[in-house]
Enquirer: 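Right, I'll just put the structure down here and ask away after.
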Amino acid sequence: LETNLEGIMGRVEDAEGNITQLQQTSEEISLKAGTAQKLAIESKTLSVNLSVETMTVATDTDGNNGSYSNCKTSISVMYGVEDVTSDVSITCAPSDGIEYLINLQDKTCSITNMTHDNGYVDISASYIVTIDGVEKTLVDTSRFSVSKSKQGNVGAAGESVSVVSN
């Protein structure tokens, strides 16, 4: 192969001895490189990642008095391999019966109470990218699911048993 400022010229010989002439101009090479770069940019995806995706809260028999103090997840957002967490807009959509707090500064979501046995908060991130001078909004959503683990009914008092050995 021979390379110069005008492009690439050369010959390739296959196993049977057939020779193929190669020639590409610098413009053709540049166009292909630009196309490859554009495809690489367009193939990146936005991904919302949660430190905890599922949580179970212990409650009494009726599903009340649960401790939600540790019912929390941290949110991170990746665009390809780039961490864009601080550059995204975050929104939440809870299921019925879910009370939650979102801390946009710390990027955390906490469940503070729930009136149903199961619920969730869908956490979405929006990120604006520019491809070929055109702005495009990417959106991804992850679900933080929570369920109650109810304590069983209190059983009858046990009987005392004595074992006597002879």
Side-chain angles (χ1 to χ4, degrees), residues 27-166:
E27 290 173 359
E28 291 172 323
I29 295 168
S30 179
L31 181 62
K32 287 180 181 179
T35 301
Q37 183 179 18
K38 179 181 175 188
L39 289 173
I41 291 170
E42 289 177 350
S43 68
K44 287 183 181 180
T45 59
L46 189 69
S47 175
V48 175
N49 304 297
L50 305 177
S51 61
V52 177
E53 294 180 352
T54 305
M55 179 70 74
T56 303
V57 175
T59 66
D60 62 20
T61 305
D62 297 322
N64 299 317
N65 301 310
S67 174
Y68 295 90
S69 60
N70 292 319
C71 195
K72 178 180 186 178
T73 189
S74 296
I75 306 159
S76 65
V77 184
M78 303 295 287
Y79 176 57
V81 296
E82 180 184 358
D83 185 342
V84 295
T85 305
S86 60
D87 302 323
V88 298
S89 173
I90 293 179
T91 57
C92 296
S95 63
D96 288 340
I98 291 286
E99 296 174 25
Y100 73 99
L101 291 174
I102 185 80
N103 184 325
L104 295 175
Q105 183 177 350
D106 292 342
K107 302 292 193 243
T108 58
C109 178
S110 302
I111 305 295
T112 58
N113 193 32
M114 54 191 292
T115 57
H116 298 299
D117 290 345
N118 301 294
Y120 61 84
V121 176
D122 282 340
I123 301 169
S124 298
S126 300
Y127 183 61
I128 299 172
V129 296
T130 303
I131 300 172
D132 287 339
V134 177
E135 281 191 354
K136 183 177 179 181
T137 301
L138 304 177
V139 178
D140 188 45
T141 303
S142 285
R143 180 168 282 184
F144 181 33
S145 299
V146 182
S147 60
K148 292 180 180 178
S149 176
K150 295 180 181 180
Q151 175 183 353
N153 291 326
V154 177
E159 293 181 21
S160 296
V161 176
S162 297
V163 178
V164 178
S165 135
N166 291 342

Enquirer: So, S89 side chain and S126 main chain: donor-acceptor pair closer than 3.5 Å or not?
Expert: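 Looks like no, no N/O pair under 3.5 Å.
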Enquirer: Of all the heavy-atom pairs spanning G66 and V57, show the shortest one and how long it is.
Expert: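 Answer, listing the atom of G66 first, then V57: CA-CG1, 3.9 Å.
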Enquirer: Just wondering, do L50 and I75 contact through their side chains at under 4.5 Å, heavy atoms?
Expert: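 When only atoms from C-beta onward are counted, L50 and I75 do touch, with a gap below 4.5 Å.
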Enquirer: Please report the interatomic distance SG(C71) to CG(L101), rounded to the nearest 0.5 Å.
Expert: 11.5 Å
Enquirer: Can you list the residues that meet the side chain to side chain donor-acceptor pair (under 3.5 Å) rule with S86, with sequence neighbours excluded?
Expert: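 By the side chain to side chain donor-acceptor pair (under 3.5 Å) rule, S86 matches no residue at all.
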Enquirer: Determine whether V77 and D140 make a side-chain contact, defined as any pair of heavy atoms from C-beta on separated by less than 4.5 Å.
Expert: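 V77 vs D140: side chains apart.
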Enquirer: Minimum heavy-atom separation for Y100 to C109, with atom names?
Expert: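 Smallest heavy-atom distance, with atoms named: CD1-SG, 4.1 Å.
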Enquirer: Is a side-chain donor or acceptor of K148 paired with a backbone partner of G63 at a separation under 3.5 angstrom?
Expert: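 Between the backbone of G63 and the side chain of K148 there is a qualifying donor-acceptor contact (under 3.5 Å).
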Enquirer: Apply side chain to side chain contact (heavy atoms under 4.5 Å, CB included) to D96 and list each qualifying residue two or more places apart in sequence or on a separate chain.
Expert: H116
Enquirer: A side-chain contact here means heavy atoms from C-beta on lying under 4.5 Å apart; do I98 and Y120 qualify?
Expert: no
Enquirer: CG/L138 to OG/S47 distance, rounded to the nearest 0.5 angstrom?
Expert: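 Result: 12.0 Å between the selected atoms.
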Enquirer: Are M55 and Y68 side-chain neighbours, meaning at least one heavy-atom pair lies under 4.5 Å?
Expert: no
Enquirer: With no hydrogens and no angle check, is any side-chain donor or acceptor of T73 less than 3.5 Å from a backbone partner on S51?
Expert: yes
Enquirer: Can any side-chain N or O of S142 pair as donor or acceptor with the backbone N or O of V48 at less than 3.5 Å?
Expert: yes
Enquirer: Counting distance only, does the side-chain N/O of D62 pair as donor-acceptor with the main-chain N or O of N64 below 3.5 Å?
Expert: no
Enquirer: From Q151 CD over to D60 CG, what is the distance, rounded to the nearest 0.5 angstrom?
Expert: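 It is 7.0 Å, given to the nearest 0.5 Å.
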Enquirer: If you take all heavy atoms of L46 and A125, which pair is closest and at what distance?
Expert: CD2-O, 3.6 Å
Enquirer: Tell me the salt bridge (Lys or Arg N to Asp or Glu O under 4.0 Å) pairs involving residues 102-124, sequence neighbours left out?
Expert: D117-K150, D122-R143
Enquirer: State the CD1-OG1 distance between I128 and T137, to the nearest 0.5 angstrom.
Expert: 4.5 Å
Enquirer: Which value, rounded to the nearest 0.5 Å, describes the distance between Y127 atom OH and E82 atom CD?
Expert: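 Spacing of OH (Y127) from CD (E82) equals 5.0 Å.
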Enquirer: Under the 3.5 angstrom rule, does the side chain of S110 hit a backbone N or O of K72 as a donor-acceptor pair?
Expert: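 No; zero donor-acceptor contacts below 3.5 Å.
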Enquirer: Check the pair T141, I123 against side chain to side chain contact (heavy atoms under 4.5 Å, CB included), reporting the backbone distance first and the verdict last.
Expert: CA-CA 5 Å; T141 303; I123 301 169; 5.8 Å; no
